[in-house]
Engineer: 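Right, I'll just put the structure down here and ask away after.
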Amino acid sequence: MAERFDVAIVGAGPGASIAAYLLAKGGLEVIMFERGDYPGSKAMFGGVLYTTVLSKYFPDFPGASCVERHVIEKRFSMLSESNELALSFKFLDFEPPYYNHSFTALRAIFDRYLARKAEEAGAVLVTQTVVDEAIASAGRVVGVRARREGGEVFANVVIAADGANSLIAQSAGLRGELPLSVILGVKEVVSLPREVIEDRFSLEGDEGAAYEYLGGGAVRGAMGAGFLYTNRDTISVGYGIPLGALKTLGVQPDELLNEFKMHPVVRRLLRGTTPEEYSAHLIPEMTPHDLPHFVGDGIVVIGGAAGLVNANPLFHEGTNMAMASGVMAAETILQAHKAGDYSAKALEPYASRLRESFVWQDYDRYQGLTRMAETHPQFFSKYPYEFTKLARKLFSVAPTDDGMQVPKRTLELAVADHVLAELGLMSLGLDLLAAGKTALL
(Lines give C-alpha, C1' and ligand atoms only; values in the text may rest on other atoms or scores of the structure.)
Protein backbone atom coordinates (compact mmCIF):
# COMPACT_ATOMS: atom_id res chain seq x y z
CA MET A 1 0.00 0.00 0.00
CA ALA A 2 1.39 3.39 -0.96
CA GLU A 3 1.96 5.80 1.91
CA ARG A 4 0.44 8.89 0.31
CA PHE A 5 -2.54 9.62 -1.90
CA ASP A 6 -4.20 12.79 -3.03
CA VAL A 7 -7.48 11.69 -1.45
CA ALA A 8 -8.32 8.99 1.10
CA ILE A 9 -12.00 8.02 1.33
CA VAL A 10 -13.34 6.10 4.31
CA GLY A 11 -16.34 4.06 3.22
CA ALA A 12 -17.30 2.61 -0.15
CA GLY A 13 -20.99 3.45 -0.35
CA PRO A 14 -22.61 5.27 -3.26
CA GLY A 15 -21.43 8.74 -2.22
CA ALA A 16 -17.87 7.53 -1.66
CA SER A 17 -17.70 5.61 -4.94
CA ILE A 18 -19.04 8.39 -7.13
CA ALA A 19 -16.59 10.81 -5.49
CA ALA A 20 -13.74 8.35 -6.05
CA TYR A 21 -14.80 7.91 -9.68
CA LEU A 22 -14.79 11.65 -10.41
CA LEU A 23 -11.55 12.29 -8.54
CA ALA A 24 -9.74 9.44 -10.28
CA LYS A 25 -11.05 10.59 -13.66
CA GLY A 26 -9.69 14.02 -12.78
CA GLY A 27 -6.20 12.56 -12.44
CA LEU A 28 -5.92 12.32 -8.67
CA GLU A 29 -4.57 9.32 -6.78
CA VAL A 30 -7.44 8.00 -4.69
CA ILE A 31 -7.74 5.24 -2.12
CA MET A 32 -11.09 4.04 -0.78
CA PHE A 33 -11.45 1.88 2.34
CA GLU A 34 -14.30 -0.57 2.93
CA ARG A 35 -14.62 -2.49 6.21
CA GLY A 36 -16.67 -5.31 4.71
CA ASP A 37 -15.65 -8.14 2.41
CA TYR A 38 -16.89 -6.04 -0.50
CA PRO A 39 -18.74 -2.73 -0.97
CA GLY A 40 -22.31 -3.09 0.23
CA SER A 41 -21.69 -6.20 2.31
CA LYS A 42 -22.34 -4.26 5.53
CA ALA A 43 -24.55 -1.54 4.08
CA MET A 44 -28.29 -1.25 4.44
CA PHE A 45 -31.10 0.96 3.25
CA GLY A 46 -34.81 0.40 2.91
CA GLY A 47 -34.62 -0.29 -0.76
CA VAL A 48 -35.77 2.59 -2.98
CA LEU A 49 -33.06 4.33 -5.01
CA TYR A 50 -33.58 7.68 -6.76
CA THR A 51 -31.29 7.87 -9.77
CA THR A 52 -31.17 11.42 -11.18
CA VAL A 53 -27.54 11.92 -10.12
CA LEU A 54 -26.58 8.36 -11.03
CA SER A 55 -27.96 8.60 -14.56
CA LYS A 56 -25.93 11.73 -15.30
CA TYR A 57 -22.64 9.88 -14.88
CA PHE A 58 -23.68 6.31 -15.65
CA PRO A 59 -26.57 6.54 -18.13
CA ASP A 60 -26.40 2.84 -18.91
CA PHE A 61 -27.01 1.69 -15.32
CA PRO A 62 -30.49 0.18 -16.02
CA GLY A 63 -28.88 -2.45 -18.22
CA ALA A 64 -26.12 -3.28 -15.77
CA SER A 65 -28.29 -5.41 -13.43
CA CYS A 66 -27.40 -3.16 -10.49
CA VAL A 67 -31.02 -2.27 -9.66
CA GLU A 68 -34.01 -4.53 -9.11
CA ARG A 69 -37.33 -3.05 -10.33
CA HIS A 70 -38.64 0.37 -11.38
CA VAL A 71 -41.32 1.57 -8.96
CA ILE A 72 -44.78 2.02 -10.48
CA GLU A 73 -46.79 1.96 -7.24
CA LYS A 74 -46.38 4.00 -4.06
CA ARG A 75 -48.72 2.97 -1.27
CA PHE A 76 -49.11 4.72 2.09
CA SER A 77 -50.99 2.90 4.82
CA MET A 78 -52.09 3.19 8.41
CA LEU A 79 -52.58 -0.06 10.30
CA SER A 80 -54.70 -0.77 13.35
CA GLU A 81 -54.46 -4.14 15.10
CA SER A 82 -56.04 -5.93 12.14
CA ASN A 83 -57.14 -3.39 9.52
CA GLU A 84 -55.57 -1.06 6.97
CA LEU A 85 -56.46 2.36 5.59
CA ALA A 86 -54.38 3.08 2.48
CA LEU A 87 -53.74 5.64 -0.22
CA SER A 88 -52.12 4.24 -3.35
CA PHE A 89 -50.70 5.81 -6.51
CA LYS A 90 -49.83 3.93 -9.70
CA PHE A 91 -47.73 5.58 -12.39
CA LEU A 92 -47.66 3.66 -15.64
CA ASP A 93 -46.71 6.39 -18.09
CA PHE A 94 -43.11 7.21 -17.12
CA GLU A 95 -40.75 6.48 -19.99
CA PRO A 96 -37.88 3.97 -20.04
CA PRO A 97 -35.07 3.58 -19.31
CA TYR A 98 -35.32 5.67 -16.10
CA TYR A 99 -39.04 5.38 -15.18
CA ASN A 100 -39.27 8.43 -12.90
CA HIS A 101 -35.78 7.65 -11.57
CA SER A 102 -37.30 5.40 -8.89
CA PHE A 103 -35.94 1.87 -8.53
CA THR A 104 -35.74 -0.77 -5.83
CA ALA A 105 -32.21 -1.94 -5.19
CA LEU A 106 -30.06 -4.08 -2.92
CA ARG A 107 -26.92 -2.42 -1.61
CA ALA A 108 -24.85 -5.61 -1.81
CA ILE A 109 -25.35 -5.47 -5.58
CA PHE A 110 -25.58 -1.74 -6.26
CA ASP A 111 -22.58 -0.68 -4.18
CA ARG A 112 -20.32 -3.20 -5.94
CA TYR A 113 -21.43 -1.87 -9.31
CA LEU A 114 -20.54 1.71 -8.38
CA ALA A 115 -17.25 0.76 -6.69
CA ARG A 116 -16.19 -1.09 -9.85
CA LYS A 117 -16.76 2.11 -11.82
CA ALA A 118 -14.43 3.93 -9.41
CA GLU A 119 -11.79 1.21 -9.77
CA GLU A 120 -12.05 1.30 -13.55
CA ALA A 121 -11.37 5.04 -13.38
CA GLY A 122 -8.18 4.35 -11.39
CA ALA A 123 -9.20 4.48 -7.72
CA VAL A 124 -7.68 1.92 -5.35
CA LEU A 125 -10.21 -0.06 -3.30
CA VAL A 126 -9.08 -1.72 -0.07
CA THR A 127 -11.65 -4.03 1.53
CA GLN A 128 -11.80 -5.82 4.88
CA THR A 129 -10.20 -2.80 6.50
CA VAL A 130 -11.52 -0.79 9.41
CA VAL A 131 -10.38 2.82 9.64
CA ASP A 132 -10.60 4.04 13.21
CA GLU A 133 -9.58 7.68 13.06
CA ALA A 134 -8.25 10.63 11.17
CA ILE A 135 -4.60 11.58 11.61
CA ALA A 136 -4.11 15.23 12.49
CA SER A 137 -1.00 17.37 12.40
CA ALA A 138 -0.69 21.07 13.20
CA GLY A 139 -4.47 21.37 13.44
CA ARG A 140 -5.36 19.79 10.09
CA VAL A 141 -6.27 16.30 8.94
CA VAL A 142 -3.41 14.72 7.02
CA GLY A 143 -4.53 11.09 6.68
CA VAL A 144 -6.21 8.12 8.32
CA ARG A 145 -5.20 5.24 10.54
CA ALA A 146 -6.36 1.81 9.37
CA ARG A 147 -6.26 -1.56 11.14
CA ARG A 148 -3.75 -3.26 8.88
CA GLU A 149 -0.03 -3.47 8.28
CA GLY A 150 1.28 -0.07 7.27
CA GLY A 151 -2.01 1.31 8.50
CA GLU A 152 -1.13 4.99 8.42
CA VAL A 153 -2.14 6.42 5.06
CA PHE A 154 -1.54 10.08 4.32
CA ALA A 155 -3.54 12.25 1.97
CA ASN A 156 -4.10 15.87 1.07
CA VAL A 157 -7.82 15.44 1.73
CA VAL A 158 -9.82 12.83 3.64
CA ILE A 159 -13.46 12.20 2.76
CA ALA A 160 -15.50 10.87 5.67
CA ALA A 161 -18.14 8.62 4.12
CA ASP A 162 -18.39 6.10 6.93
CA GLY A 163 -22.07 6.41 7.77
CA ALA A 164 -24.20 7.77 10.59
CA ASN A 165 -21.79 6.89 13.39
CA SER A 166 -18.83 8.45 11.58
CA LEU A 167 -15.69 7.76 13.58
CA ILE A 168 -13.68 9.84 11.13
CA ALA A 169 -15.80 12.98 11.53
CA GLN A 170 -15.82 12.48 15.29
CA SER A 171 -12.07 11.95 15.58
CA ALA A 172 -11.53 15.09 13.46
CA GLY A 173 -13.65 17.08 15.92
CA LEU A 174 -16.43 17.76 13.41
CA ARG A 175 -19.29 16.18 15.36
CA GLY A 176 -20.33 15.11 18.83
CA GLU A 177 -22.32 12.13 20.09
CA LEU A 178 -25.34 10.98 18.13
CA PRO A 179 -28.72 12.13 19.49
CA LEU A 180 -31.55 9.71 20.31
CA SER A 181 -33.44 11.05 17.29
CA VAL A 182 -31.18 8.87 15.15
CA ILE A 183 -33.28 6.15 13.55
CA LEU A 184 -32.62 2.45 13.80
CA GLY A 185 -33.46 0.78 10.51
CA VAL A 186 -34.17 -2.94 10.73
CA LYS A 187 -34.65 -4.96 7.57
CA GLU A 188 -35.09 -8.51 6.37
CA VAL A 189 -34.80 -9.70 2.79
CA VAL A 190 -37.09 -12.65 2.06
CA SER A 191 -37.17 -14.65 -1.16
CA LEU A 192 -40.19 -15.45 -3.29
CA PRO A 193 -40.36 -16.63 -6.91
CA ARG A 194 -40.42 -13.76 -9.37
CA GLU A 195 -43.71 -14.79 -10.94
CA VAL A 196 -45.37 -14.98 -7.51
CA ILE A 197 -44.22 -11.45 -6.64
CA GLU A 198 -45.58 -10.10 -9.91
CA ASP A 199 -48.90 -11.85 -9.46
CA ARG A 200 -49.29 -10.88 -5.80
CA PHE A 201 -48.49 -7.21 -6.34
CA SER A 202 -50.13 -6.87 -9.79
CA LEU A 203 -46.83 -6.17 -11.53
CA GLU A 204 -45.56 -6.92 -15.02
CA GLY A 205 -41.97 -7.49 -16.09
CA ASP A 206 -39.58 -5.31 -14.10
CA GLU A 207 -42.29 -3.19 -12.45
CA GLY A 208 -42.02 -2.77 -8.69
CA ALA A 209 -44.00 -1.54 -5.69
CA ALA A 210 -43.07 0.44 -2.58
CA TYR A 211 -45.37 0.21 0.45
CA GLU A 212 -45.02 2.44 3.52
CA TYR A 213 -46.87 1.84 6.81
CA LEU A 214 -47.01 4.91 9.06
CA GLY A 215 -47.02 4.40 12.83
CA GLY A 216 -49.97 2.53 14.31
CA GLY A 217 -49.93 -1.24 14.15
CA ALA A 218 -46.70 -1.25 12.15
CA VAL A 219 -44.51 -0.07 15.05
CA ARG A 220 -46.73 -0.24 18.15
CA GLY A 221 -47.90 3.33 17.69
CA ALA A 222 -44.38 4.78 17.90
CA MET A 223 -43.06 7.58 15.72
CA GLY A 224 -41.79 5.40 12.90
CA ALA A 225 -42.80 3.47 9.84
CA GLY A 226 -42.70 0.02 8.34
CA PHE A 227 -41.94 -0.68 4.71
CA LEU A 228 -42.18 -3.38 2.08
CA TYR A 229 -40.44 -3.13 -1.30
CA THR A 230 -40.42 -5.63 -4.15
CA ASN A 231 -37.16 -6.76 -5.74
CA ARG A 232 -36.73 -9.20 -8.65
CA ASP A 233 -37.15 -12.39 -6.64
CA THR A 234 -37.02 -11.06 -3.08
CA ILE A 235 -38.95 -8.63 -0.90
CA SER A 236 -37.34 -6.10 1.44
CA VAL A 237 -39.39 -5.74 4.63
CA GLY A 238 -38.58 -3.74 7.71
CA TYR A 239 -39.09 -0.55 9.69
CA GLY A 240 -37.37 2.59 10.93
CA ILE A 241 -37.84 3.97 14.44
CA PRO A 242 -35.93 6.57 16.50
CA LEU A 243 -33.66 5.10 19.16
CA GLY A 244 -35.52 7.11 21.79
CA ALA A 245 -38.88 5.62 20.74
CA LEU A 246 -37.43 2.09 20.70
CA LYS A 247 -36.07 2.63 24.20
CA THR A 248 -39.49 3.81 25.39
CA LEU A 249 -41.20 0.74 23.90
CA GLY A 250 -38.73 -1.54 25.67
CA VAL A 251 -38.79 -4.07 22.84
CA GLN A 252 -36.00 -5.85 20.98
CA PRO A 253 -35.57 -4.79 17.32
CA ASP A 254 -36.07 -8.30 15.95
CA GLU A 255 -39.22 -8.77 18.06
CA LEU A 256 -40.75 -5.61 16.63
CA LEU A 257 -39.88 -6.74 13.11
CA ASN A 258 -41.56 -10.10 13.66
CA GLU A 259 -44.69 -8.35 14.97
CA PHE A 260 -44.81 -6.21 11.84
CA LYS A 261 -44.33 -9.21 9.57
CA MET A 262 -47.12 -11.08 11.35
CA HIS A 263 -49.65 -8.27 11.12
CA PRO A 264 -52.69 -9.71 9.28
CA VAL A 265 -52.27 -7.25 6.41
CA VAL A 266 -48.52 -7.70 5.98
CA ARG A 267 -48.53 -11.46 6.59
CA ARG A 268 -50.68 -12.04 3.53
CA LEU A 269 -48.12 -10.27 1.35
CA LEU A 270 -45.25 -12.32 2.78
CA ARG A 271 -46.81 -15.77 2.77
CA GLY A 272 -44.57 -18.44 1.30
CA THR A 273 -41.39 -16.36 1.65
CA THR A 274 -38.03 -17.65 2.88
CA PRO A 275 -35.76 -15.44 5.04
CA GLU A 276 -32.44 -14.72 3.33
CA GLU A 277 -30.83 -11.79 5.13
CA TYR A 278 -31.26 -9.72 8.29
CA SER A 279 -29.61 -6.37 8.95
CA ALA A 280 -29.85 -3.29 11.14
CA HIS A 281 -28.33 0.13 10.62
CA LEU A 282 -28.42 3.64 12.02
CA ILE A 283 -30.06 6.32 9.88
CA PRO A 284 -28.75 9.80 10.76
CA GLU A 285 -32.01 11.64 11.41
CA MET A 286 -30.68 14.78 13.12
CA THR A 287 -31.63 18.40 13.63
CA PRO A 288 -29.40 21.03 12.00
CA HIS A 289 -27.95 21.66 15.47
CA ASP A 290 -26.76 18.03 15.70
CA LEU A 291 -25.26 17.83 12.20
CA PRO A 292 -21.48 17.68 11.89
CA HIS A 293 -19.45 20.43 10.27
CA PHE A 294 -19.23 19.56 6.60
CA VAL A 295 -15.62 20.70 6.12
CA GLY A 296 -12.44 21.11 8.12
CA ASP A 297 -8.80 21.60 7.28
CA GLY A 298 -8.02 18.64 5.03
CA ILE A 299 -11.39 16.90 5.42
CA VAL A 300 -14.92 16.90 4.02
CA VAL A 301 -17.92 14.90 5.28
CA ILE A 302 -20.50 13.45 2.88
CA GLY A 303 -23.64 11.29 2.78
CA GLY A 304 -24.87 9.63 5.93
CA ALA A 305 -21.75 10.72 7.82
CA ALA A 306 -22.93 14.30 7.21
CA GLY A 307 -26.49 13.46 8.30
CA LEU A 308 -27.81 13.99 4.78
CA VAL A 309 -31.06 12.05 4.79
CA ASN A 310 -34.71 12.89 4.30
CA ALA A 311 -36.29 10.35 6.63
CA ASN A 312 -39.83 11.62 6.03
CA PRO A 313 -41.96 8.51 5.31
CA LEU A 314 -43.31 10.05 2.10
CA PHE A 315 -39.89 9.91 0.47
CA HIS A 316 -37.19 8.12 2.51
CA GLU A 317 -34.28 9.66 0.62
CA GLY A 318 -30.64 9.17 1.43
CA THR A 319 -28.67 7.32 -1.21
CA ASN A 320 -29.36 9.98 -3.84
CA MET A 321 -28.32 12.67 -1.38
CA ALA A 322 -25.10 10.79 -0.67
CA MET A 323 -24.28 10.58 -4.37
CA ALA A 324 -25.01 14.28 -4.89
CA SER A 325 -22.80 15.22 -1.93
CA GLY A 326 -20.06 12.95 -3.32
CA VAL A 327 -20.20 14.77 -6.65
CA MET A 328 -20.01 18.20 -5.02
CA ALA A 329 -17.18 17.12 -2.72
CA ALA A 330 -15.16 15.70 -5.63
CA GLU A 331 -15.59 18.80 -7.75
CA THR A 332 -14.53 21.02 -4.84
CA ILE A 333 -11.47 18.89 -4.12
CA LEU A 334 -10.42 19.00 -7.77
CA GLN A 335 -10.47 22.79 -7.60
CA ALA A 336 -8.54 22.76 -4.31
CA HIS A 337 -5.96 20.46 -5.91
CA LYS A 338 -5.41 22.92 -8.74
CA ALA A 339 -4.82 25.67 -6.21
CA GLY A 340 -2.71 23.47 -3.95
CA ASP A 341 -4.81 24.57 -0.98
CA TYR A 342 -6.67 22.01 1.16
CA SER A 343 -7.66 24.27 4.03
CA ALA A 344 -11.20 24.51 5.34
CA LYS A 345 -11.52 27.81 3.51
CA ALA A 346 -10.55 26.18 0.20
CA LEU A 347 -13.00 23.32 0.82
CA GLU A 348 -15.85 25.55 2.01
CA PRO A 349 -17.39 25.79 -1.52
CA TYR A 350 -18.50 22.17 -0.99
CA ALA A 351 -20.60 23.19 2.02
CA SER A 352 -21.94 26.24 0.18
CA ARG A 353 -22.95 24.21 -2.87
CA LEU A 354 -24.51 21.60 -0.65
CA ARG A 355 -26.74 24.18 1.04
CA GLU A 356 -27.86 25.53 -2.34
CA SER A 357 -28.74 22.08 -3.71
CA PHE A 358 -31.82 19.89 -3.46
CA VAL A 359 -29.98 17.89 -0.78
CA TRP A 360 -30.14 20.65 1.80
CA GLN A 361 -33.42 22.10 0.58
CA ASP A 362 -35.21 18.75 1.00
CA TYR A 363 -33.47 17.97 4.27
CA ASP A 364 -34.32 21.37 5.69
CA ARG A 365 -37.93 21.41 4.49
CA TYR A 366 -38.88 18.00 5.83
CA GLN A 367 -37.12 18.58 9.12
CA GLY A 368 -40.12 20.78 9.91
CA LEU A 369 -42.51 17.89 9.41
CA THR A 370 -40.32 15.63 11.53
CA ARG A 371 -40.22 18.11 14.37
CA MET A 372 -43.99 18.61 14.08
CA ALA A 373 -44.47 14.85 14.31
CA GLU A 374 -42.35 14.79 17.47
CA THR A 375 -44.61 17.37 19.13
CA HIS A 376 -47.77 15.67 17.82
CA PRO A 377 -47.15 11.96 18.53
CA GLN A 378 -50.86 11.26 18.07
CA PHE A 379 -50.27 11.15 14.31
CA PHE A 380 -48.47 7.84 14.93
CA SER A 381 -49.89 6.61 18.22
CA LYS A 382 -53.60 7.43 17.96
CA TYR A 383 -54.76 8.49 14.52
CA PRO A 384 -53.80 5.31 12.59
CA TYR A 385 -56.04 3.30 14.91
CA GLU A 386 -58.86 5.82 15.03
CA PHE A 387 -58.93 6.57 11.29
CA THR A 388 -59.16 2.89 10.45
CA LYS A 389 -62.05 2.62 12.93
CA LEU A 390 -63.80 5.52 11.20
CA ALA A 391 -63.38 3.86 7.80
CA ARG A 392 -64.70 0.57 9.18
CA LYS A 393 -67.77 2.29 10.61
CA LEU A 394 -68.49 4.17 7.38
CA PHE A 395 -68.21 1.14 5.13
CA SER A 396 -69.92 -1.41 7.37
CA VAL A 397 -72.92 -3.15 5.82
CA ALA A 398 -75.23 -4.18 8.66
CA PRO A 399 -78.77 -5.52 8.87
CA THR A 400 -81.53 -3.80 10.84
CA ASP A 401 -83.87 -5.66 13.19
CA ASP A 402 -86.45 -6.04 10.42
CA GLY A 403 -83.95 -7.71 8.09
CA MET A 404 -83.29 -4.64 5.96
CA GLN A 405 -80.06 -2.62 5.92
CA VAL A 406 -78.75 0.22 8.07
CA PRO A 407 -79.00 3.43 5.99
CA LYS A 408 -75.85 5.33 5.09
CA ARG A 409 -77.02 8.38 7.01
CA THR A 410 -76.93 6.34 10.22
CA LEU A 411 -73.36 5.27 9.45
CA GLU A 412 -72.32 8.87 8.75
CA LEU A 413 -73.77 9.97 12.07
CA ALA A 414 -71.91 7.14 13.84
CA VAL A 415 -68.67 8.39 12.28
CA ALA A 416 -69.41 11.95 13.42
CA ASP A 417 -70.19 10.74 16.95
CA HIS A 418 -66.90 8.82 17.04
CA VAL A 419 -64.95 11.89 15.94
CA LEU A 420 -66.54 13.99 18.67
CA ALA A 421 -66.21 11.37 21.40
CA GLU A 422 -62.77 9.88 20.67
CA LEU A 423 -60.87 12.51 18.69
CA GLY A 424 -62.44 15.82 19.55
CA LEU A 425 -63.35 18.01 16.63
CA MET A 426 -61.28 20.93 17.88
CA SER A 427 -58.21 18.81 18.66
CA LEU A 428 -58.36 17.04 15.31
CA GLY A 429 -58.81 20.31 13.47
CA LEU A 430 -55.85 21.94 15.23
CA ASP A 431 -53.64 18.94 14.53
CA LEU A 432 -54.53 18.87 10.86
CA LEU A 433 -54.01 22.63 10.66
CA ALA A 434 -50.56 22.30 12.23
CA ALA A 435 -49.63 19.56 9.77
CA GLY A 436 -50.93 21.57 6.84
CA LYS A 437 -49.12 24.76 7.85
CA THR A 438 -45.85 22.87 8.32
CA ALA A 439 -46.19 21.16 4.95
CA LEU A 440 -46.85 24.44 3.15
CA LEU A 441 -44.09 26.51 4.78
Side-chain angles (χ1 to χ4, degrees), residues 14 38-51 54-55 58-77 84 86 88-116 185-213 218 225-240 257-258 260-279 281 316 319-320:
Y38 54 84
S41 63
K42 291 186 175 295
M44 176 207 151
F45 78 144
V48 175
L49 175 71
Y50 301 104
T51 61
L54 179 69
S55 63
F58 308 107
D60 60 346
F61 81 86
S65 298
C66 64
V67 294
E68 297 291 302
R69 294 175 177 270
H70 61 270
V71 176
I72 66 159
E73 182 181 12
K74 294 279 288 183
R75 183 181 181 92
F76 302 95
S77 297
E84 176 185 24
S88 179
F89 303 89
K90 281 197 173 181
F91 309 103
L92 302 176
D93 58 352
F94 284 110
E95 297 294 324
Y98 301 130
Y99 300 102
N100 196 36
H101 290 282
S102 302
F103 294 81
T104 56
L106 297 168
R107 289 286 298 273
I109 297 172
F110 179 73
D111 285 18
R112 276 185 284 184
Y113 160 79
L114 211 52
R116 281 195 301 270
V186 179
K187 171 182 167 183
E188 190 170 87
V189 177
V190 297
S191 61
L192 195 66
R194 179 179 184 130
E195 61 274 13
V196 178
I197 290 176
E198 289 162 10
D199 180 66
R200 189 168 296 175
F201 291 88
S202 298
L203 305 172
E204 295 181 359
D206 289 330
E207 295 173 346
Y211 290 9
E212 310 282 351
Y213 301 88
F227 61 81
L228 190 154
Y229 307 137
T230 60
N231 306 310
R232 287 194 191 97
D233 54 8
T234 61
I235 296 172
S236 297
V237 56
Y239 66 86
L257 177 62
N258 287 332
F260 174 57
K261 288 169 56 183
M262 291 307 296
H263 188 281
V265 171
V266 179
R267 175 175 53 80
R268 285 164 167 77
L269 297 172
L270 297 178
R271 65 185 184 275
T273 58
T274 302
E276 300 290 344
E277 175 187 319
Y278 175 88
S279 58
H281 197 68
H316 281 169
T319 311
N320 57 333

Engineer: Give me the ring orientation class for Tyr213 and Tyr211: parallel if the planes are under 30° apart, tilted from 30 to 60°, perpendicular past 60°.
Structural biologist: perpendicular
Engineer: Nearest 0.5 angstrom please: Thr104 OG1 to Tyr229 OH, how far?
Structural biologist: 10.0 Å
Engineer: Once rounded to the nearest 0.5 Å, what's the spacing between atom OG of Ser236 and atom CZ of Arg107?
Structural biologist: 12.0 Å
Engineer: What are the two closest non-hydrogen atoms of Ala105 and Cys66, and how far apart are they?
Structural biologist: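 Heavy-atom minimum between the residues: CB-O, 4.4 Å.
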Engineer: Which atom names give the shortest non-hydrogen contact between Val190 and Pro275, and what distance separates them?
Structural biologist: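 Answer, listing the atom of Val190 first, then Pro275: CG1-CA, 3.9 Å.
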Engineer: Only one of Thr230, Asn231, Asp206 forms a side-chain hydrogen bond (donor to acceptor under 3.5 Å, both in side chains) with Arg194, so which one is it?
Structural biologist: Asp206
Engineer: Please tell me if the side chains of Val48 and His316 come closer than 4.5 Å, counting only heavy atoms from C-beta onward.
Structural biologist: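 No, their side chains stay 4.5 Å or more apart.
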Engineer: As a test of understanding, state which of Glu207, Glu198, Glu204 forms a salt bridge (Lys or Arg N to Asp or Glu O under 4.0 Å) with Arg69.
Structural biologist: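 When Glu207, Glu198, Glu204 are each tested with Arg69, the salt bridge (Lys or Arg N to Asp or Glu O under 4.0 Å) holds only for Glu198.
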Engineer: How long is the straight-line distance from OG1 of Thr319 back to CG of Leu54, given to the nearest 0.5 Å?
Structural biologist: 10.5 Å
Engineer: Can any side-chain N or O of Tyr98 pair as donor or acceptor with the backbone N or O of Pro59 at less than 3.5 Å?
Structural biologist: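 Yes; judged by distance alone, with no hydrogens or angles, the pair exists.
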Engineer: Tell me the closest heavy-atom pair linking Pro39 and Arg112, and the distance in Å.
Structural biologist: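 Where Pro39 meets Arg112 most closely, the heavy atoms are O-CG, 3.3 Å.
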Engineer: To the closest 0.5 Å, what do you measure between CZ (Phe227) and CD1 (Ile235)?
Structural biologist: 12.5 Å
Engineer: Tell me the closest heavy-atom pair linking Glu73 and Phe201, and the distance in Å.
Structural biologist: OE1-O, 4.3 Å
Engineer: Between Glu84 and Arg75 (salt bridge meaning N to carboxylate O under 4.0 Å), is one present in this structure?
Structural biologist: yes
Engineer: Carefully, step by step, assess Phe260 and Val237 under the rule side-chain contact (heavy atoms from CB on, under 4.5 Å).
Structural biologist: CA-CA 9 Å; Phe260 174 57; Val237 56; 3.7 Å; yes
Engineer: Does Lys74 NZ have over 12 foreign heavy atoms under 6.0 Å away?
Structural biologist: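 Atom NZ in Lys74 is crowded, with more than 12 foreign heavy atoms closer than 6.0 Å.
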Engineer: Could you give the distance from CZ (Phe110) to CZ (Phe103), rounded to the nearest 0.5 Å?
Structural biologist: 10.5 Å
Engineer: Run Phe58 and Asp60 through side-chain contact (heavy atoms from CB on, under 4.5 Å) and show every step you take.
Structural biologist: CA-CA 5 Å; Phe58 308 107; Asp60 60 346; 4.3 Å; yes
Engineer: Taking Arg232's backbone N and O only, do any of them form a donor-acceptor pair with Glu68's side chain (distance below 3.5 Å, no angle check)?
Structural biologist: yes
Engineer: Take Val186 and Tyr278, measure what side-chain contact (heavy atoms from CB on, under 4.5 Å) needs, and give me the verdict at the end.
Structural biologist: CA-CA 8 Å; Val186 179; Tyr278 175 88; 3.4 Å; yes
Engineer: Could you give the distance from NE2 (His70) to CZ (Phe91), rounded to the nearest 0.5 Å?
Structural biologist: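 Separation between the atoms: 13.0 Å.
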Engineer: What's the shortest heavy-atom distance between Tyr113 and Ala64, and which atoms?
Structural biologist: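 Closest approach of Tyr113 to Ala64, heavy atoms only: CE1-CB, 3.6 Å.
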Engineer: Would you check, one step at a time, whether the test side-chain contact (heavy atoms from CB on, under 4.5 Å) holds for Leu192 with Arg200?
Structural biologist: CA-CA 10 Å; Leu192 195 66; Arg200 189 168 296 175; 3.7 Å; yes
Engineer: So, for Glu276 and Ser191, which heavy atoms are closest and what is the spacing to 0.1 Å?
Structural biologist: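 Looking at all heavy atoms of both residues, the shortest contact is OE2-OG, 2.8 Å.
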Engineer: Donor-acceptor pair, distance only, cut-off 3.5 Å: does the side chain of Arg271 make one with the backbone of Arg267?
Structural biologist: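 No: the side chain of Arg271 does not pair with the backbone of Arg267.
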